[in-house]
Amino acid sequence: MNLEESIEIAVKGCKAELYDIVTLKENDKNIFRVYVTSKEGISLDKCAEISRMISPILDIDEPMQGKYNLEVSSPGIERKLKKRLHFKSSIGEKVKLKDFDKNIIKGELIEANDENIKIKTNHGEEIVPYDEISSASTYFEW
């Protein structure tokens, strides 16, 4: 079992779902960020509970040579879409994506299957295969 699978089991034990794991550097500090979701929402208390559950796992299988700060949070209302599951769980939301030709498509995600997504734009519906998506995220119109 790899580190991500171990973290996923711990997160599920806290009645939440693992959304993504990101490693990055901010202000010369290594950050090991774990994004979690739940139908009931993610509270600060839930993040603290999950952090307590996964800390011992990270003590055994240390990421980033053991020099990191652990952060557990919700991916937020505007979040990156990387996995097919992310797209499937975002049906009905507004999405913005960029393809490898740097074209930007914005609209409502109306369908997501194992091969492609369908977006309702101002110009009609567009079907985009996953392998043509360079980056994608949800967005909120304020």
Side-chain angles (χ1 to χ4, degrees), residues 2-59 61-142:
N2 67 28
L3 181 58
E4 184 172 342
E5 291 168 334
S6 298
I7 291 171
E8 185 171 20
I9 289 168
V11 170
K12 282 185 179 187
C14 295
K15 295 185 174 75
E17 296 294 323
L18 178 63
Y19 187 82
D20 201 5
I21 297 173
V22 177
T23 57
L24 59 138
K25 192 170 210 99
E26 288 182 354
N27 301 321
D28 292 329
K29 291 184 181 179
N30 292 326
I31 307 292
F32 187 82
R33 191 170 289 153
V34 178
Y35 290 111
V36 294
T37 61
S38 170
K39 297 241 187 269
E40 293 79 37
I42 296 295
S43 67
L44 190 56
D45 288 339
K46 180 62 76 175
C47 289
E49 175 189 0
I50 292 169
S51 180
R52 285 190 299 274
M53 291 297 291
I54 63 177
S55 284
I57 296 168
L58 299 176
D59 289 342
D61 190 359
E62 291 184 327
M64 307 175 85
Q65 294 82 42
K67 294 178 173 77
Y68 65 91
N69 289 328
L70 171 63
E71 293 181 2
V72 177
S73 72
S74 162
I77 194 165
E78 293 184 341
R79 61 197 176 283
K80 292 182 179 181
L81 304 173
K82 296 180 181 177
K83 303 174 184 176
R84 285 172 169 80
L85 180 63
H86 295 167
F87 287 93
K88 290 176 183 178
S89 66
S90 298
I91 292 173
E93 295 186 59
K94 293 185 184 297
V95 296
K96 178 170 83 171
L97 65 89
K98 188 187 303 184
D99 65 18
F100 288 103
D101 293 328
K102 300 198 178 178
N103 297 311
I104 295 175
I105 302 170
K106 290 174 77 172
E108 179 185 349
L109 180 63
I110 56 174
E111 189 178 311
N113 58 41
D114 289 335
E115 290 83 40
N116 54 51
I117 61 171
K118 186 186 289 185
I119 300 174
K120 182 179 174 184
T121 70
N122 291 336
H123 310 291
E125 294 179 356
E126 292 198 38
I127 295 174
V128 183
Y130 290 111
D131 61 2
E132 292 181 14
I133 300 172
S134 169
S135 64
S137 62
T138 60
Y139 73 93
F140 185 77
E141 288 185 319
W142 300 93

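Along the sequence shown, residues carry numbers from 1.
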Charged N-O contact under 4.0 Å between [X] and [Y]:
| X | Y | answer |
| --- | --- | --- |
| Lys80 | Asp20 | no |
| Glu93 | Arg79 | yes |
| Lys83 | Glu4 | yes |
| Lys46 | Glu49 | yes |

Looking at every non-hydrogen atom in both residues, tell me the closest pair between Glu78 and Thr138 and how far apart they are. CA-OG1, 3.4 Å
Between Leu3 and Pro63, which heavy-atom pair has the shortest distance, and what is it? CD2-CB, 4.2 Å
All pairs passing ring pair (Phe, Tyr, Trp, His ring centres under 6.0 Å) where residues 71-97 contributes a residue, at least two apart: Tyr19-His86, Phe87-Tyr130
Does any non-hydrogen side-chain atom of [Y] lie less than 4.5 Å from one of [X]?
| X | Y | result |
| --- | --- | --- |
| Val95 | Ile105 | no |
| Thr23 | Asn30 | no |
| Asp114 | Lys88 | yes |

Is atom CD of Glu26 surrounded by more than 12 heavy atoms (other residues, nucleotides or ligands) closer than 6.0 Å? yes
Does one side chain, of Glu40 or Ser38, offer a donor that lies under 3.5 Å from an acceptor on the other? yes
Which residue pairs pass the side chain to side chain donor-acceptor pair (under 3.5 Å) test with at least one member in residues 100-112, sequence neighbours excluded? Asp99-Asn103
